[in-house]
Amino acid sequence: MAKKTIIGLYPGSFDPVTNGHLDIAQRAHKICDQLHIAVVANPSKKVLFSVEERVDFLKKTTRHLPKVVISSFNGLLVDYARHIKAGMIFRGLRAVADFEYEFQMALINRSLYHGIEIVFLVPNEKFIFLSSSAIKEVAMLKGDVSGFVPAVVEKALRKIY
Ligand code: ADP
C-alpha cells in the first residue's frame, strides 16, 4: 500500500518567532512530509511586527528545514488546514498554563474538522518559559534576548527599542 503523505500545519502569531517556536518546528518537521508554518493574520491580537515581517523572519530561520513552507492566513484555522490538505495541526505545550486553552481549542477544531489530528509537542526544557510576549517585554527594557531568539529577530527588536 502506498504511504500517505503527511501534511502538517504549525499555526501561530509568531510575533516574533522565538527559539521555542523553532524547537517545535524542528520536531514537527521530523514527523511530516511537508510542514506548513503559518502566521495567523487575524487582527484579534495587538502585534508588534506586520504579517510580512513575521513571515520573513520565519523564512530566514527555517531555511535549513527542506520540507517547510511558510505562509499566512486569515479566518478559521480549520478552513486553512482543509485548504492545504493538512492531516495534522501542531501546537507547542509549555508549562501547564497552556494546557486548558489548547485542550479546549483542540476539541473545538476537531469537531469542526473531523479529519484532523491535533498533535502537541513539548519543547526542550530550556524553552519552557519562553514566549514572544516575554521577549518583547525584555527587549523593550533593553535586556539581552540573544539566547532566546534568532539573530535576525534580535536585530529587528534592537532597531525598534
Ligand atoms: P498563538 O497566538 O497561536 O498562541 P504563538 O506564536 O504564541 O501563537 O504560539 C504558536 C504555538 O507555538 C503555540 O502552540 C504555542 O504554545 C507554541 N509555543 C510558543 N512558544 C513556545 C515555546 N517556548 N515552547 C514551545 N511551544 C511554544
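Residue numbers run from 1 in the order of the sequence given. For ligands, and for the atoms within them, numbers begin at 1 and follow the listed sequence. Bear in mind that the values here come from a model prediction, so they are computed numbers and not experimental data.
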Review point. Taking the six-membered ring for Trp, are Phe57 and Phe49 parallel (under 30°), tilted (30 to 60°) or perpendicular (over 60°)?
Key: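 Correct class here is perpendicular.
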Can you tell me how far the [atom1] atom of [X] sits from the [atom2] atom of [Y], to the nearest 0.5 Å?
{"X": "Met140", "Y": "Leu157", "atom1": "CE", "atom2": "CG", "value": "11.5 Å"}
{"X": "Thr18", "Y": "Ile24", "atom1": "OG1", "atom2": "CD1", "value": "9.5 Å"}
{"X": "Arg63", "Y": "Leu65", "atom1": "CZ", "atom2": "CG", "value": "12.0 Å"}

Would one find an N or O of [X], backbone or side chain, under 3.5 Å from an N or O of ligand 1?
{"X": "Ser131", "result": "no"}
{"X": "Tyr10", "result": "yes"}
{"X": "Ile128", "result": "no"}

Starting from [atom], which protein heavy atom do you reach first, and at what distance in Å?
{"atom": "atom 14 (O) of ligand 1", "answer": "Gly92 N, 2.9 Å"}
{"atom": "atom 8 (O) of ligand 1", "answer": "Ser13 N, 2.9 Å"}
{"atom": "atom 20 (N) of ligand 1", "answer": "Arg94 NH1, 3.2 Å"}
{"atom": "atom 9 (O) of ligand 1", "answer": "His21 NE2, 3.5 Å"}

Numbering the atoms of ligand 1 from 1, which are under 4.0 Å from a heavy atom of [X]?
{"X": "Pro123", "answer": "24 (N), 25 (C)"}
{"X": "Phe14", "answer": "6 (O)"}
{"X": "Lys45", "answer": "1 (P), 2 (O)"}
{"X": "Phe127", "answer": "22 (C), 23 (N), 24 (N)"}
{"X": "Leu130", "answer": "20 (N), 21 (C), 22 (C), 23 (N)"}
{"X": "Asp98", "answer": "16 (O)"}
{"X": "Arg91", "answer": "1 (P), 3 (O), 4 (O), 10 (C), 11 (C), 13 (C), 14 (O)"}

Are [X] and [Y] ion-paired here, with the side-chain N under 4.0 Å from a carboxylate O?
{"X": "Asp98", "Y": "Arg91", "result": "no"}
{"X": "Lys59", "Y": "Asp56", "result": "no"}
{"X": "Asp15", "Y": "Lys136", "result": "yes"}

Practice item. Taking all heavy atoms of Tyr10 and all of His21, pick out the closest pair and write down the distance. Key: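 Answer, listing the atom of Tyr10 first, then His21: OH-CD2, 3.4 Å.
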Check your understanding: Side chain, backbone, both or neither: which part of Pro11 comes within less than 4.0 Å of ligand 1 when only heavy atoms are counted?
Key ->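 The answer is the backbone.
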Review point. With a 4.0 Å heavy-atom cut-off (strictly under), which part of Asp15 contacts ligand 1: side chain, backbone, both or neither?
Key: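 No part of Asp15 is near ligand 1 at this cut-off.
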Check your understanding: Quick check: does any side chain N or O of Glu53 sit under 3.5 Å from a backbone N or O of Ser50, one acting as donor and the other as acceptor?
Key ->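 A pair under 3.5 Å: yes.
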Check your understanding: Under the 3.5 angstrom rule, does the side chain of Asn109 hit a backbone N or O of Val78 as a donor-acceptor pair?
Key ->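 Absent.
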